[in-house]
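These notes concern the structure reproduced below.
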There are 2 protein chains.
Amino acid sequence: MSGLGTKQRILDAARTLFAEHGFPATSLREITKHAEVNLAAVNYHFGSKDGLLKELVNECIEPINTERIRLLDAAEAEAGGQPLVMRDLIRIFLEPAVRELCDQGSAMPCILSRLHHEPHAGLEEMMSDILAPTITRFVTASHRCLPHRTPEELLIRGHFMIGAMLHLLDFNCEELVPGLGINEEVISGYDFRLEQLISFCTAGFDG
Amino acid sequence: MSGLGTKQRILDAARTLFAEHGFPATSLREITKHAEVNLAAVNYHFGSKDGLLKELVNECIEPINTERIRLLDAAEAEAGGQPLVMRDLIRIFLEPAVRELCDQGSAMPCILSRLHHEPHAGLEEMMSDILAPTITRFVTASHRCLPHRTPEELLIRGHFMIGAMLHLLDFNCEELVPGLGINEEVISGYDFRLEQLISFCTAGFDG
DNA sequence: GTCTATACTCCGATAGAC
DNA sequence: GTCTATCGGAGTATAGAC
C-alpha cells in the first residue's frame, strides 16, 4: 500500500472500506490510516468526502458507458439499418456493467448500487450526465425493436431493468429462504445471474 | 405538531425529514427541533438514531407483508389446490407495497428503497425476518405456476422483481431523456407504473 | 415513566506553518 | 504538497427534575 502515490492510496483504501461498511459509516480517519497518509490529504486531493466518492464513482462507471456506446455503434453498423434483436440490445446494456463491476474484486458493486438510492450533492447530476446519452440511445433503439410499445413504456421498463440490475449486483442470498432447496453455488454465480437477468428483461420488455 | 405525544411527533418529523434529505444527512437536532421536543427524547424512546429508523421502517413494512400473506391465503383457498395464475401471484406481491407506500404522502418510498441498499446494524435482520416467510410462500407458489423453472431461477427472478419495484418507488423521471417525446404525466402515474411493473415481471418470470 | 440539561467523544472541514 | 492544530456540529450517555 506504500508504493503508489498518495492520491491513489486514498482511492484504493476508500474503495475497500466504503464497500465493506458503507459510505456514511466509513470515516476519513479510517481511510487515511489504512492508506497511511495524513487526514488532510483527502481534502487536498478531493475537496471533501463527497468529492472522494464522486471520483471513485466516475472512474468506475465512465468506462462502462463508453463500452456500451461502442457495442451499440458496432451492432447498429452491422445491422445495416435493420432493428436490432431486443435480446442483443439488452445484453449490450447489461453485460459491460455486470462484467466490469464484478471483475474489480467485488468492491464497487455495493458502493454503486447503494448510491443509486441515496442522494448526494452533485453526484446524481454526474451520473445523469454520463448515463443520459446511453439511455436515450437505448430507448430509441428499443423503440425500433418493439414499435408497438410507447416511449413511456420503454423508458419505465428500462428503469425496471436498471433496478433489477442494481439489485443483482449487491445482494447476497445467504440471508433468505430456508427449506426451498436452493443451491447456493448456482445462484451465486455471476454467469448464471447475468443470463437470468438478460432473459428476465428480454421477456419483460415484450410482455 | 403539538397535539400528539412526544414519541409520535418524533416519528412524524423523522419520516418527513428522512424522505426529504436522506437518512445520513438528517441530524437528530433537526428532527427534535421540528418536533418541538428535547434532543435526548430520541434516545429515550428509540435508543439511537438507528433505532428510530428501525421503528419507522417496521411500522411501514409490517402491514404490507401481513396484507400479502392475507391475499395469498385467500387466493390459494379460492384456487382449491390448483396453481395460481402467475400474473395474479405477482400482483399479490406488488400491489400492497406500491399502494400502501404511495398512499402515505410519498415519504416512505424514498426511505425504504434507499435502505435496501445501505447497510444498517440490525435493520437487515429485521427486514429479513419480516420478508422471509413471504418470499418462501412466493417462491413455493410460483414454482407451482411455473414447474419448468428451478427454485434458483424463481428466487433470483423474485429478486429482480424486488429490485424493479424499489427502483419504481423512488425514481423521478425529470432528470433524464430529452428529445424522446416522453409524456411526464403518463409516466409519473402510479397506476401506470404498477401495471407496467406487473406486466414486465409476469413476462419476465416466464421468459 | 417522561422528559430535560449537559457533557463527552468523534466526525468532516479548514487555516496556516513547513 | 504535506502536516499540525483547531473548529463547529454530529450522535450518544447520564444524572436528575417532574
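On a predicted model such as this, the values are computed, not experimentally measured, just so you know. These values consider heavy atoms only, across backbone and side chains, with no hydrogens, waters or symmetry-generated copies. Numbered from 1 within each chain, the chains take letters A, B, ... in sequence-line order.
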Residues that [X] engages under side-chain hydrogen bond (donor to acceptor under 3.5 Å, both in side chains), provided they are two or more places apart:
X	result
B:R70	B:E67
B:R137	B:D73, B:E76
B:T134	B:N65
B:D88	none

Legend entry - Non-neighbouring partners of A:F138 that pass ring-ring contact (aromatic ring centres under 6.0 Å, His included), sequence neighbours left out: A:F93, A:F205

Inset, instruction - Among residues two or more places apart or on two chains, list those pairs meeting salt bridge (charged side-chain N to carboxylate O under 4.0 Å, His left out) that have a residue in residues 194-207 of chain A. - result: A:R91-A:E195

Inset, instruction - Between protein and nucleotides 9-14 of chain C, map the contacts as a letter string: B base, S sugar-phosphate only, - none, heavy atoms under 4.0 Å, written 5' to 3'. - result: --BBBB

Inset, instruction - Would you grab the first and last nucleotide of DNA chain D (5' to 3') that comes under 4.0 Å of any non-hydrogen atom in chain B? - result: D:dA10 to D:dT14

Inset, instruction - With sequence neighbours excluded, tell me which residues meet side chain to side chain contact (heavy atoms under 4.5 Å, CB included) with A:T66. - result: none

